[in-house]
**Student:** 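Here you go, one structure.
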Amino acid sequence: LKLAKGISVNAACVMSKDGSDAARIVAAASSVTLQVCKSIDLEDPLLTLVSDGFKDASLVDTKAGACVSLTKACRRVVESCPADENTQDLDYVLCEVVSAIWDDQCWKGHWGNGAGKASDVSGRCPIRRILSDARSGLSYGDAASNRRYFRNFGRLMTQATMLQDETRTGTYQKAISLNKADFQGKVVMDVGSGTGMLAFFAIQAGAARVYCVEASPMVEVIRELAQRNNCADRIVVVHHVLQDIRDEVPEKVDVITHETLGTFLFAERGIETVLVARDRFLKPGGKLYPAQATFSLAPFEDAAAYKSRMVKAANLWTCTNFHGMDLSSMETRSQLEFFRRPLSDQFHPDILRGDAQTYVYDFRTLNLEEVRNFTLDFTFTAKATCLLHGLAGWFDAHFEGSSCSIILSTSPWDTLTHWWMTRLMMLEPLAVNKGQPVTGSIGFSPCEGNTYQCRLIMECNGVSREINGLDLADIDTASRAQQNKIVQITPTKKVGMIDWEATRAAPSGDEVLVSDPLREAKTAAMVSEASVRAATSTATSSMAAAGTCEYGAQIRMNDGLYMNVDNPELLSWAVQQPQAFHSPVASLNGTTLMRPKDDARGYVLQTSGANAAPRIWMQLELALKLMREFVQHHSNPPALQVDKLDQESLVRTYVAMKRAAAGD
């Protein structure tokens, strides 16, 4: 066969990141594949496509298991198949090949003895699941769902809501601009490009070329904005669903940017599209922006929201004489309809009754099969005796650039975003006592509409509650209550928009029992960001010959160290009230230092000179206190703890925030 077909069966020499186990597994699979192809007289091009797919050791994932590895091989074959080939014939061939591989004892032995996955290959071959999963990653939803989905995202109104989410848009721009080394001169793909804003951020950071993949009518907007902003020569618009791209993107890319994260992280199934883009178009070692997401779940108690839903559900369907008709038999059905809709609004952390459990999804290594049909198990310890009404969820997106890390959060401790927050509510509450374990799971099954249906189970003390059919696309937004603001966008034009910062959930009055599980990670990211800003600034942290002086610089006087801080109100008052100061107490670089008569203020004024503007120097401890208060007030999240920052990190963060506020 080798001589007749010119195909090498020596797959044992093929190595991969999984080492010899993967090589032995793929050698056995390749040998079986060739035997099957011979027995059915398969000819090119299918012969080459099939044999190549099953002899690639890089597709063997010994951690994920046999089914995932076979799925990857089948997907490689399907996506490489020419468009004019009969897909039914290809499916028949794959069924023959996969079934034969599954029955091969040598292949099974390598999975069991070498990879330690004997249980994976012990039952019947799940051929239908393997082929279904293989094709699922190569398409995005059904035609009817896609029409509705892309029609919605083809509206400027929908795009404006996302763009005006300052946390979302600002964080993406910050992550890209502070990691210019990842973009300068690089080829970028923006998946689900929308208006192209992330692509334009990449261009601003120096990208050589950006492929904007967008299936909606927004492609016209991308082209027009690119032309208007003089970057059309570096923007390549690809008007396709990513899974349908063939020759439109003729090269591998260095970076993939994406904002395909949905409500409850998974709602729009956009993560699958990102993984397909990664596998098909990203160079080895390439960057993903964001690189991963942390999904958080916590049990909650909200009697007011529960009562409100029960009242709405019973509003009509408890009527026993509606124009002579008894409708009350529909009450239970009405309740179930209400509670199957995830509640999408904002909530205060004080309704949470157990520490959040987190699940990390690393887009660099995640398999498609892990986000197709999956279940998340959880165990919480009740922090109060109460009635649990369901499960709350949110996510954090992590940008891990070469220069610094940035976190975009949708948690209840952070500024609200257009994703809002999501709660799955049970039809009947679950009673728990403080200290008791609360266990359960939430299952995700893909469904029409490019989304998932969820099944929630919660148990405590032998009592179980369950609700099925929770549709992540059919959210209940009735309880959203946003603040609005008027923004002057030109000298003559004002627009109204949601004030995400001012929109805050009212506390229930209960004690806050749960803290942000990513608080330390956010603090570290903030310090990382501040360090990059400080390093890239043209300003210096010490006095230069020109007399410039960075906030945080220090001088020593007789009574101790003083630090330069930014206090515009105090500085303005000091400059206008010279009578409030004593005679000069010291000189500095040709300027004069003056102490106020009310020495309790703890600062000195440096008067202006030929090379310096007036400045405030504050006693070190008072200066650090002022900096902490400023960082605490202006940080995102607002409640971020800064007491763990050392002096150097605090000063860097303060300086960076001051520059950002000044537009530097």
**Student:** Keeping the roles fixed (side chain from S132, backbone from R128), state whether a donor-acceptor pair exists under 3.5 Å.
**Tutor:** no

**Student:** Of all heavy-atom pairs between A205 and F183, which one has the smallest distance, and what is that distance?
**Tutor:** CB-CB, 3.8 Å

**Student:** I need the D499 CG to Q483 CD distance, nearest 0.5 Å.
**Tutor:** 7.5 Å

**Student:** Keeping N450 on the side-chain end and E268 on the backbone end, is there a donor-acceptor pair under 3.5 Å?
**Tutor:** no

**Student:** List the atom of E214, the atom of V219, and the distance in Å for their closest heavy-atom pair.
**Tutor:** O-CG1, 3.3 Å

**Student:** Quick check for you: to the nearest 0.5 Å, what is the distance between D362 atom CG and H398 atom NE2?
**Tutor:** 10.0 Å

**Student:** Looking at R234, I want to see if its CZ is surrounded by more than 12 non-hydrogen atoms of other residues, nucleotides or ligands under 6.0 Å.
**Tutor:** yes

**Student:** Is it true that E166 and K485 have a side-chain N and a carboxylate O under 4.0 angstrom from each other?
**Tutor:** yes

**Student:** Test W394 against every option in W420, W413, Y359, F300 by the ring pair (Phe, Tyr, Trp, His ring centres under 6.0 Å) rule and name the one that passes.
**Tutor:** W413

**Student:** For the atom pair CD (Q453) and CG (L470), what is the distance rounded to the nearest 0.5 Å?
**Tutor:** 8.0 Å

**Student:** Do NZ/NE/NH1/NH2 and the carboxylate oxygens of K522 and D414 come within less than 4.0 Å?
**Tutor:** yes

**Student:** Is there a donor-acceptor pair closer than 3.5 Å between any side-chain N or O of T169 and the backbone N or O of L163?
**Tutor:** yes

**Student:** Run D471 and R341 through side chain to side chain contact (heavy atoms under 4.5 Å, CB included) and show every step you take.
**Tutor:** CA-CA 6 Å; D471 190 334; R341 300 183 67 195; over 6 Å; no

**Student:** Atom CE in M162, atom CD in Q159: separation rounded to 0.5 Å?
**Tutor:** 3.5 Å

**Student:** Using ring centroids (six-membered ring only for Trp), state whether F264 and F395 fall under 6.0 Å.
**Tutor:** no

**Student:** Does S445 offer a backbone N or O that forms a donor-acceptor pair with the side chain of N373 under 3.5 Å?
**Tutor:** no

**Student:** Run the side chain to side chain donor-acceptor pair (under 3.5 Å) test on D61 and S69 for me, step by step, so that the C-alpha distance in whole Å, both residues' side-chain angles and the decisive distance to 0.1 Å come before the verdict.
**Tutor:** CA-CA 6 Å; D61 190 333; S69 299; 5.9 Å; no

**Student:** Around Q227, counting heavy atoms of other residues, nucleotides and ligands shown, do more than 12 lie under 6.0 Å from its CD?
**Tutor:** no

**Student:** Do H240 and R246 touch side chain to side chain, with heavy atoms closer than 4.5 Å?
**Tutor:** no

**Student:** Who pairs with R155 by side-chain hydrogen bond (donor to acceptor under 3.5 Å, both in side chains), at least two apart in sequence or on another chain?
**Tutor:** none

**Student:** Does R209 pair with E251 as a salt bridge, N-O distance under 4.0 Å?
**Tutor:** yes

**Student:** Angle between ring planes, F399 versus Y289, binned at 30° and 60°: parallel, tilted or perpendicular?
**Tutor:** tilted

**Student:** Does the side chain of R364 reach to within under 4.5 Å of the side chain of E400, using non-hydrogen atoms?
**Tutor:** yes

**Student:** Name the one of V274, I271, D190, V213 that satisfies side chain to side chain contact (heavy atoms under 4.5 Å, CB included) with H258?
**Tutor:** V274

**Student:** What orientation do F444 and Y452 show, parallel under 30°, tilted 30 to 60°, or perpendicular over 60°?
**Tutor:** perpendicular

**Student:** For side chain to side chain contact (heavy atoms under 4.5 Å, CB included), just list the numbers for L282 and V253, CA-CA rounded to whole Å, side-chain angles, deciding distance to a tenth of an Å, and then say yes or no.
**Tutor:** CA-CA 5 Å; L282 188 62; V253 302; 4.2 Å; yes

**Student:** Just do the side chain to side chain contact (heavy atoms under 4.5 Å, CB included) check on V371 and L275 with the steps written out, would you?
**Tutor:** CA-CA 10 Å; V371 288; L275 301 185; 4.2 Å; yes

**Student:** Would you say E248 has more than 12 foreign heavy atoms packed within less than 6.0 Å of its CD?
**Tutor:** yes

**Student:** Quick test of your reading of the model: are D345 and R423 salt-bridged, counting only N-O distances below 4.0 Å?
**Tutor:** yes

**Student:** For a quick test of reading the model, state the closest non-hydrogen atom pair linking D56 to S58 and the distance between them.
**Tutor:** OD1-OG, 2.6 Å

**Student:** Measuring from L90:CG to L49:CG, what's the distance to the nearest 0.5 Å?
**Tutor:** 8.0 Å

**Student:** Any heavy-atom pair between the side chains of I467 and L424 that's under 4.5 Å?
**Tutor:** no

**Student:** Where the side chain of R278 meets the backbone of F363, is there a donor-acceptor pair that is under 3.5 Å apart?
**Tutor:** yes

**Student:** Could you check whether any side-chain N or O of N229 sits under 3.5 Å from a backbone N or O of C231, counting only pairs where one atom can act as donor and the other as acceptor?
**Tutor:** no

**Student:** Under the side chain to side chain contact (heavy atoms under 4.5 Å, CB included) test, which residues partner T417, sequence neighbours left out?
**Tutor:** D165, T167, T410, W419

**Student:** Is there a side chain to side chain contact (heavy atoms under 4.5 Å, CB included) between V210 and T257? Walk through the geometry before answering.
**Tutor:** CA-CA 10 Å; V210 183; T257 60; 5.8 Å; no

**Student:** Charged N to carboxylate O under 4.0 angstrom, R129 versus E369?
**Tutor:** no

**Student:** Tell me, yes or no, whether the heavy-atom count around Q482 atom CD, taken from other residues, nucleotides or ligands under 6.0 Å, exceeds 12.
**Tutor:** yes

**Student:** Assess, by modelled atom type and distance only, whether the side chains of T415 and E501 contain a donor and an acceptor separated by less than 3.5 Å.
**Tutor:** yes

**Student:** What are the two closest heavy atoms between V191 and A277, and how far apart are they?
**Tutor:** CG2-CB, 3.8 Å

**Student:** Would you say F54 and C74 make side-chain contact, with heavy atoms under 4.5 Å?
**Tutor:** yes

**Student:** Answer yes or no: is there a side-chain heavy-atom contact under 4.5 Å between K186 and K180?
**Tutor:** no

**Student:** Within the side chain of S528, is there an N or O that forms a donor-acceptor pair under 3.5 Å with the backbone of S405?
**Tutor:** yes

**Student:** Between D44 and T48, does a side chain to side chain donor-acceptor pair (under 3.5 Å) hold up when you go through it step by step?
**Tutor:** CA-CA 6 Å; D44 277 331; T48 301; 2.5 Å; yes

**Student:** Can you check whether A505's main-chain N or O pairs, donor with acceptor, with Q346's side chain at less than 3.5 Å?
**Tutor:** yes

**Student:** Which heavy atom of G53 sits nearest a heavy atom of A73, and at what distance?
**Tutor:** O-CB, 3.5 Å

**Student:** Check for a donor-acceptor pair, side chain of R75 on one end and backbone N or O of A134 on the other, with a separation under 3.5 Å.
**Tutor:** yes

**Student:** Do the side chain of T161 and the main chain of M157 share a donor and acceptor less than 3.5 angstrom apart?
**Tutor:** yes

**Student:** Could you tell me whether the side chain of D476 reaches within less than 4.5 Å of the side chain of F339, counting heavy atoms only?
**Tutor:** no

**Student:** Side chains of L416 and R504, heavy atoms from C-beta outward: is any pair under 4.5 Å?
**Tutor:** no

**Student:** If I take atom CG from residue L265 and atom OG1 from residue T263, how far apart are they, to the nearest 0.5 angstrom?
**Tutor:** 10.0 Å

**Student:** Between N367 and K72, is there a side-chain heavy-atom distance shorter than 4.5 Å?
**Tutor:** yes

**Student:** Would you name the heavy atoms of C67 and I130 that are closest together and state the gap between them?
**Tutor:** O-CG1, 4.3 Å

